[in-house]
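Only one structure is covered here, and it is reproduced in the block below.
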Amino acid sequence: MDFRPLGRTGLSVSSVCLGTMTWGQQNSEAEGHEQMDYAVSREINFFDAAEMYPVPADAKTQGRTEEIIGSWFKARGKRDDIILATKVVGRSGMTWTRDDNVDLTRQSKAQINEAVEKSLRRLQTDYIDLYQLHWPDRGLPGFGFNSYYDYDTDDMIALEDIYDTLTRHVEKGNIRAIGLSNECSWAVMKFIAMAERSGGPRLASVQNVYSLVARRFDYSLAEISMREDVGLLPYSPLAQGYLSGKYETQIPKNSRKDLFPAFLGRYESRGGQDAIAACLSAARDLGLTPTQFALKFAQSRAFTTSSIIGATTMTQLKENIDAHDIDWTKDMEKAADNIHKTYRSPVS
Ligand SMILES: NC(=O)c1ccc[n+]([C@@H]2O[C@H](COP(=O)([O-])OP(=O)(O)OC[C@H]3O[C@@H](n4cnc5c(N)ncnc54)[C@H](OP(=O)(O)O)[C@@H]3O)[C@@H](O)[C@H]2O)c1
């Protein structure tokens with residue numbers, strides 16, 4: 001396992017991060033614990049959670065994932081060995097995450113304060129290493145958007161106010177570093193500028209969708225990552241399972257597509273499906289498994305800090321960690337580049 005700096009925080013994270021969003025829904029507490037034990041035995045020191053997990057978001061299950069991590073910390077006593085990331089939701093209808101009768105979840109001072117406090121309690125810890133805004137508070141088009149439509153700037157919480165709230169938590173010691181997720185260049189640069197002006201906490205990372213078929217990060221955020229030391233934490237590096245080849249001929253029972261078909265919608269355009277087929281075939285031509293090609297691609301980007309993998313079985317988890325053991329070669333880069341030149345980034 002190689003370790004990379006998390007921005008300029010001084011923290012060092014494994015270049016593979018353990019995703020957690022299936023724990024408490026597809027996976028039990030015992031399975032979550034088994035995954036964490038195994039990941040640690042493979043030198044993974046970085047876990048990614050969120051207040052809204054598990055998925056799909058549901059009032060009945062919300063918070064279970066963090067509780068599972070919390071009970072593991074309590075049982076294993078390994079809190080200080082782990083760099084723990086979690087997230088506060090952005091603007092949404094998931095009002096069950098809040099005690100008060102709110103119309104929407106927002107990244108107001110009161111709601112962030114409540115979210116931090118509840119995450120700390122569920123996680124059975126007194127600090128979060130990386131606290132991320134899961135998606136923006138402003139009315140930016142959401143997950144998987146293709147066309148930009150402007151939003152009402154009178155109806156957004158100023159980034160300065162959000163930054164100020166997060167800064168207070170860093171000062172209190174509840175949070176060690178801050179990150180963004182599902183973000184665009186404008187907010188990333190604003191967060192960097194606010195830290196430069198104030199001397200406050202510097203943005204450490206951006207967690208966006210990224211894979212062989214979802215490469216929009218390359219177009220402008222990548223350069224920001226390199227110049228400003230704000231690395232990418234790619235999520236869904238396997239295109240939610242598609243890039244493993246598991247859906248080539250059938251939909252396996254209890255797979256994500258079987259259980260939650262709507263999740264995979266962003267991959268199901270004609271361009272997306274053609275690009276996925278090209279990735280599977282290129283992997284085999286290179287003598288790789290599709291999973292190796294996809295996972296090593298995401299981890300090998302110069303702007304990647306740590307690639308967030310997800311698994312619902314131990315077999316998958318082992319295969320996915322092992323997939324990073326190969327060397328990324330010029331031929332592999334050429335194959336990935338050819339796919340990108342042909343299909344661009346069909347997934348956003
Ligand atoms: N910030 C965000 O908005 C955001 C969004 C999504 C994810 N994330 C983070 O990123 C993590 C990973 O995301 P993801 O789960 O979408 O990643 P992914 O690697 O693209 O997909 C993982 C899923 O694919 C299937 N799978 C994994 N390994 C496999 C293998 N070797 N062979 C066949 N199938 C395999 C499993 O689902 P089945 O077994 O159910 O088919 C697994 O849950 C999450 O846990 C979360 O921490 C963040």
Side-chain angles (χ1 to χ4, degrees), residues 16-27 31-32 35-36 39 44 46-57 65-66 68-69 84-90 92 94 130-136 142-144 179-183 205-214 217 232-248 250-261 263-267 276 279-280 283 288-299 306-324 347-348:
V16 178
C17 172
L18 183 65
T20 64
M21 73 179 189
T22 57
W23 307 348
Q25 165 57 253
Q26 270 178 286
N27 292 110
E31 288 167 343
Q35 288 203 17
M36 286 183 272
I44 289 177
F46 193 23
F47 301 166
D48 177 65
E51 65 164 339
M52 65 160 265
Y53 291 167
V55 293
T65 305
E66 288 186 331
I68 289 171
I69 298 170
L84 175 70
T86 194
K87 318 182 190 83
V88 55
V89 297
S92 84
M94 292 177 213
L130 177 67
Y131 200 63
Q132 306 160 104
L133 304 179
H134 204 153
W135 60 87
F143 292 80
L180 297 177
S181 178
N182 297 297
E183 259 302 359
S205 55
V206 181
Q207 179 177 149
N208 277 10
V209 65
Y210 190 80
S211 69
L212 283 164
V213 296
F217 198 89
L232 171 65
L233 307 178
Y235 75 72
S236 300
L238 264 190
Q240 302 203 22
Y242 263 121
L243 288 172
S244 72
K246 73 190 298 172
Y247 299 122
E248 229 174 350
Q250 53 163 341
I251 300 173
K253 203 155 170 37
N254 293 326
S255 61
R256 190 177 293 179
K257 189 168 166 58
D258 181 40
L259 297 172
F260 316 113
F263 274 5
L264 288 87
R266 74 205 285 185
Y267 298 95
I276 287 164
C279 293
L280 304 182
L288 301 173
T289 65
T291 298
Q292 283 175 318
F293 185 44
L295 292 182
K296 192 67 194 181
F297 167 78
Q299 186 211 28
S306 184
S307 181
I308 314 177
I309 58 168
T312 59
T313 66
M314 289 305 292
T315 309
Q316 287 178 2
L317 184 60
K318 286 176 187 156
E319 182 186 346
N320 294 354
I321 297 173
D322 287 345
H324 298 88
V347 177
S348 54

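Everything quoted here is computed from the prediction, not taken from an experiment. Indexing begins at 1, ligand by ligand and atom by atom, following the structure's order.
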| request: Could you grab the distance from atom OG of Ser205 to atom CD of Glu183, nearest 0.5 Å is fine? | output: 12.0 Å
| Roughly how far, to the nearest 0.5 Å, is the CZ atom of Phe46 from the CG atom of Leu84? |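 It comes to 9.0 Å.
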Checking the side chain of [X] only, and the main-chain atoms of [Y] only, is there a donor and an acceptor separated by less than 3.5 Å?
X      : Y      : answer
Ser236 : Ala239 : no
Lys296 : His324 : yes
Asn208 : Asn182 : yes
Gln25  : Thr22  : no

| By salt bridge (Lys or Arg N to Asp or Glu O under 4.0 Å) - contacts of Asp322 (at least two apart) | Arg42
Below 4.0 angstrom from a heavy atom of [X], which ligand 1 atoms are there? Numbered from 1 as shown, please.
X      : value
Lys87  : 1 (N)
Asn182 : 1 (N), 2 (C), 3 (O)
His134 : 1 (N), 2 (C), 3 (O)
Thr20  : 45 (O), 47 (O)
Ser255 : 40 (O), 41 (O)
Ile308 : 10 (O), 11 (C), 12 (C), 47 (O)
Gln26  : 40 (O)
Gly241 : 21 (O), 24 (O)

Checking a contact table here: which protein heavy atom is nearest [atom], and how many Å away?
atom                    : result
atom 21 (O) of ligand 1 : Gln240 CA, 3.4 Å
atom 37 (O) of ligand 1 : Thr312 CG2, 3.9 Å
atom 28 (N) of ligand 1 : Asn320 ND2, 2.9 Å
atom 22 (C) of ligand 1 : Gly310 O, 3.5 Å
atom 34 (N) of ligand 1 : Lys246 NZ, 3.1 Å
atom 13 (O) of ligand 1 : Ser236 N, 3.6 Å
atom 33 (C) of ligand 1 : Ser244 OG, 3.4 Å
atom 15 (O) of ligand 1 : Arg256 NH2, 2.7 Å

Using distance alone, with no hydrogens and no angle criterion, decide if [X] and [Y] have a side-chain donor and acceptor under 3.5 Å apart.
X     : Y      : result
Thr86 : Glu51  : no
Asn27 : Thr312 : no
Asp48 : Gln132 : yes

| query | Does the pair Trp23 and Ile69 meet the rule for a side chain to side chain contact (heavy atoms under 4.5 Å, CB included), with working shown? | reply | CA-CA 9 Å; Trp23 307 348; Ile69 298 170; 3.9 Å; yes
| How far apart are the closest heavy atoms of Gln35 and Ala311, and which atoms are they? | NE2-O, 2.9 Å
Which residue from [options] reaches closest to [atom] through any of its heavy atoms?
atom                   : options                      : value
atom 4 (C) of ligand 1 : Tyr247, Phe260, Tyr235       : Tyr235
atom 7 (C) of ligand 1 : Gln316, Met21, Met52         : Met21
atom 9 (C) of ligand 1 : Leu233, Asn254, Asp48, Thr22 : Asp48

| task | May I ask whether Tyr53 places a heavy atom under 4.0 Å from ligand 1? | result |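 Checking ligand 1 against Tyr53, which is what was asked, there is a heavy-atom contact under 4.0 Å.
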Considering only heavy atoms, does [X] approach ligand 1 within less than 4.0 Å through its side chain, its backbone, both, or neither?
X      : answer
Phe143 : side chain
Glu319 : side chain
Ala239 : backbone

| message | List the residues meeting ring pair (Phe, Tyr, Trp, His ring centres under 6.0 Å) with Tyr235, not counting sequence neighbours, and say none if there are none. | response | none
| task | Output yes when the distance from some N or O of ligand 1 to some N or O of Leu238 is under 3.5 Å, and no in every other case. | result |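 Between Leu238 and ligand 1, an N or O pair is found under 3.5 Å apart.
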| request: Assign the ring pair Trp135 / Phe143 to parallel, tilted or perpendicular, where the plane angle (0 to 90°) is split at 30° and 60°. | output: perpendicular
